[in-house]
Structures are given as structure tokens and as C-alpha cells.
Amino acid sequence: MIIDGGIGQGRRGGGDPLGILDASHEAVDFLDRHHLPRTTTSYALALQAVLHPYGPLGGEVARRTDGGVRLTEDDVRELMPLVREHEVSDLGLGRLQMERDLGEQAETLEALTSDARAITSDFSEQVTALSYAHRSNDLGPDTRAIAMLLEQLIARISKTERDLEELAGNIAGLRTRMEPGEADDRIDQLTGVTSRTGARAMVDGLVDAPHGYVLAACSLDDLEGINERYGRSVADNVLRAFVATLRQACEGTEIIRWQGNLFLVVLRGRPLSTLTGMMEDARTAMRERTLRLRGSGEPIGVVTMSGGVAVGVGVPLEDTLARADMLRDLASGGLGNRILSRA
């Protein structure tokens with residue numbers, strides 16, 4: 001495993017890191033504005049569009065609604081791969097929240113255990129006191145005191161039982177949240193970006209993009225060497241760091257894991273220079289990351305990337321990819337760490 005010494009993305013402040021409560025209200029307003037039914041699917045799209053207005057989904061929603069056009073249920077279905085991509089990228093935050101919830105439940109359980117011990121201890125002490133009083137008093141046991149003691153004991157036990165029932169329900173809910181669901185082949189399970197399968201509909205539509213598109217093909221320069229030196233788990237984590245770098249540098253694009261160490265970045269309706277600049281930012285950021293082995297803290301050395309960028313107008317992605325990948329291959333020659341582009 002590795003620890004990434006790079007700078008993480010910022011979060012909104014306060015107890016609600018993503019502003020999820022406000023966003024949920026905005027999502028409902030979004031559905032009403034577009035006259036969309038309040039289904040699970042349409043709500044998921046609305047929520048992610050609100051949370052990520054400048055991401056791939058937000059950009060595509062803006063494009064489809066330009067001029068006041070409303071989204072349709074067909075649009076919702078077509079946009080679901082982008083919704084899933086955002087949901088997967090937010091899983092890290094969800095896991096942090098679950099860890100906080102588990103910590104709170106553990107504290108509650110510890111407090112209830114202490115309460116149970118206190119009940120037992122208090123009851124024993126009071127019974128002992130009553131027994132002593134009975135032995136020193138010829139009038140017999142104080143039945144009123146015993147009744148009051150039992151009444152207090154029952155009340156305290158009842159409250160503890162209710163608290164334990166609530167805790168059991170909370171833990172059951174956490175278990176449900178933590179159980180893995182069915183794998184979605186539209187999302188790459190390792191990195192969380194769109195898979196080649198999930199990108200099929202988007203790829204098919206590129207040939208008809210009115211203003212064309214720009215495509216970058218990129219990869220890590222020495223992933224195979226990292227795998228040989230440190231093992232598969234480290235190589236996988238380096239790939240995740242690579243994708244995190246692409247996400248940060250290429251806001252508003254669509255990122256696809258095409259195969260293995262080859263990733264595609266698609267930007268529609270913008271000039272070649274825009275995506276080339278993003279890729280240069282990603283290249284610089286990747287080179288400056290400090291990736292260390294978990295445990296020893298040993299740096300694994302500088303990790304670099306290379307890429308090729310090409311323009312496609314009225315042509316299928318395969319044609320543009322052939323040119324972009326040729327440039328990537330040239331860029332990765334020698335020491336790599338280069339971005340080459342050509343219209």
C-alpha cells in the first residue's frame with residue numbers, strides 16, 4: 001500500500017462537508033424545474049448535478065439545457081454513467097462518514113456497558129444495606145424500601161434496554177451501508193472512472209458532436225516497473241493517484257479507463273490548447289506527487305506520465321484515438337514525462 005503525500009481536494013466547511021442537506025433541497029427544485037418524476041434515478045442525477053456543477057455531468061447538463069431546454073427521462077438514462085462516476089468518486093467521503101458513525105456507536109456501547117455495571121453495583125450495595133438494616137431491626141424487612149428499590153431498578157433496566165435496541169438498529173443500518181452491492185461494469189472498479197463499456201454511448205455520439213472534440217490518450221511511464229519492484233497493490237494505488245491527478249487537473253472532461261494503463265480524456269467543443277494545457281498541468285502535478293510505501297514511509301520515487309492530444313471533428317473516436325495514441329507512444333519514449341499534441 002502507499003500513502004499519497006500530495007495535496008487533497010478541499011471540502012466545504014462545517015459538519016455537513018458537501019452541504020448535502022442544502023443540495024438535497026436544490027435537487028428537488030431541479031427535478032421540479034425540469035418536470036422530471038421524483039424517482040431514485042432522476043433524483044440521483046439531480047443531486048450529483050447540484051454537487052458537481054463544473055464536473056463532466058454538470059457540463060453535459062448545461063450543454064443539453066442551453067437556451068432553457070428541459071431535460072427528459074431519456075436524458076436521465078443517457079447521463080447515468082456520469083452520475084455513477086461521481087457517486088463512486090464520493091465513496092471515499094461516505095466511508096469516512098461511516099467510520100465516524102461506527103466510532104459514535106462504539107462510544108455509545110461503552111457508555112451502556114458502564115451503565116449496566118453501575119446498575120448491578122448500585123443494586124448490590126442497596127440490597128446489602130437493606131439486609132443489614134433487617135438484621136439490626138426486629139420489626140422485619142422494610143417492604144416499602146424494597147418496592148422502591150425494585151421500581152428504580154426496573155426503570156433503569158428498561159431505559160438501558162431501549163438504548164440497546166436503538167443501538168442495535170443503528171449498527172444494523174451501518175452493516176447494510178457497508179455491504180458491497182453488485183459491481184457496475186460501466187464503472188472501472190479500481191479507479192472509479194467510466195469504463196470502456198460505460199463510455200460506449202458517449203463514444204458513439206462523438207462523431208455527431210457539433211463543434212468536435214479533443215481527445216487525450218495518457219498513461220503512466222513506468223507502471224510495469226513499479227509493479228515488478230513493489231507488487232500489484234502498490235501499482236494499483238499508484239493508478240488511483242494518477243486518476244486523482246487527472247480529475248483535479250481536467251475538470252469538465254470525461255475520463256475513461258480504456259484498458260490497463262491507458263486512459264482517455266475527452267473534452268467537447270473546446271480548442272486543442274485547452275485540453276493540452278490541462279494535460280500539462282496533470283503531468284506537472286503527477287511528477288510532483290510524493291508517493292510513499294505504507295508502513296516504512298519509503299518514497300517510491302518520481303512517478304511520471306505521458307500523453308498525446310488530438311482533435312476529432314466529424315470522425316469516430318477510434319480514428320482520433322489512433323492519432324492521439326501514436327503521439328502518446330512517442331511522448332513516452334526515452335524518459336517519458338511529455339505531452340505531445342497535434343490538430
Worksheet entry | Joint cluster assignment, L321 & M326, ILVMFWY side-chain distance < 4.5 Å | no

Discussion item. Determine whether a donor-acceptor pair (N or O, by modelled atom type, separation under 3.5 Å) exists between the side chain of N227 and the backbone of R232.
Written reply: yes

Discussion item. Looking at R287, I want to see if its CZ is surrounded by more than 12 non-hydrogen atoms of other residues, nucleotides or ligands under 6.0 Å.
Written reply: yes

Practice prompt. Return yes if some donor-acceptor pair links the side-chain N/O of R186 with the main-chain N/O of T197 below 3.5 Å, else return no.
Written response: no

Worksheet entry | Whether over 12 other heavy atoms sit under 6.0 Å from R196 CZ | yes

Worksheet item: Is the number of heavy atoms from other residues, nucleotides or ligands under 6.0 Å of E318 CD greater than 12?
Response: yes

Worksheet item: Is there side-chain contact between I226 and R229, with at least one heavy-atom pair below 4.5 Å?
Response: yes

Worksheet item: Looking only at atom types and distance, does a side-chain atom of R257 sit under 3.5 Å from a main-chain N or O of G260, one as donor and one as acceptor?
Response: yes

Worksheet item: Distance-only, no hydrogens or angles: does the R70 side chain make a donor-acceptor pair with backbone N or O of L36 under 3.5 Å?
Response: no

Practice prompt. Would you name the heavy atoms of V265 and C218 that are closest together and state the gap between them?
Written response: CG2-SG, 4.3 Å

Practice prompt. Verify salt bridge (charged side-chain N to carboxylate O under 4.0 Å, His left out) between R323 and D319, making sure each step is shown before the conclusion.
Written response: CA-CA 7 Å; R323 291 184 282 115; D319 291 359; over 6 Å; no

Worksheet item: Is any side-chain heavy atom of M305 closer than 4.5 Å to a side-chain heavy atom of T245?
Response: no

Discussion item. When you compare the side chain of L291 with that of M286, does any pair of heavy atoms fall below 4.5 Å?
Written reply: yes

Practice prompt. State, yes or no, whether a side-chain contact exists between L275 and Y213 at a heavy-atom distance under 4.5 Å.
Written response: no

Item to complete: Would you mind telling me which of D221, T284, N337, D222 makes a side-chain hydrogen bond (donor to acceptor under 3.5 Å, both in side chains) with T304?
Response: D221

Worksheet item: Do T194 and M202 have side chains that get closer than 4.5 Å, going by heavy atoms?
Response: no

Discussion item. Within the structure provided, determine whether F263 and L239 are in side-chain contact (heavy-atom separation under 4.5 Å).
Written reply: yes

Worksheet item: Is any side-chain heavy atom of V238 closer than 4.5 Å to a side-chain heavy atom of I300?
Response: yes

Worksheet item: Given the rule that I, L, V, M, F, W and Y join up when any side-chain heavy atoms are under 4.5 Å apart, are V83 and V76 in one cluster?
Response: yes

Worksheet item: Between D188 and V193, is there a donor-acceptor pair closer than 3.5 Å when you use the side chain of the first and the backbone of the second?
Response: no

Item to complete: Please examine the side chains of R289 and V303, heavy atoms only from C-beta on, and report whether any two atoms are closer than 4.5 Å.
Response: no

Discussion item. Are F30 and M80 connected into the same hydrophobic cluster when the rule is that any two of I, L, V, M, F, W, Y join if their side-chain heavy atoms are below 4.5 Å apart?
Written reply: yes

Item to complete: Compute whether any side-chain donor of one residue and acceptor of the other, for T72 and D75, lie under 3.5 angstrom apart.
Response: yes

Worksheet item: Is it the case that one hydrophobic cluster holds both I339 and V243, taking links as side-chain heavy atoms less than 4.5 Å apart, direct or via other members?
Response: yes

Worksheet item: Where the side chain of E60 meets the backbone of G58, is there a donor-acceptor pair that is under 3.5 Å apart?
Response: no

Worksheet item: Under a single-linkage definition using a 4.5 Å side-chain heavy-atom cutoff for Ile, Leu, Val, Met, Phe, Trp and Tyr, are L246 and L264 assigned to the same hydrophobic cluster?
Response: no

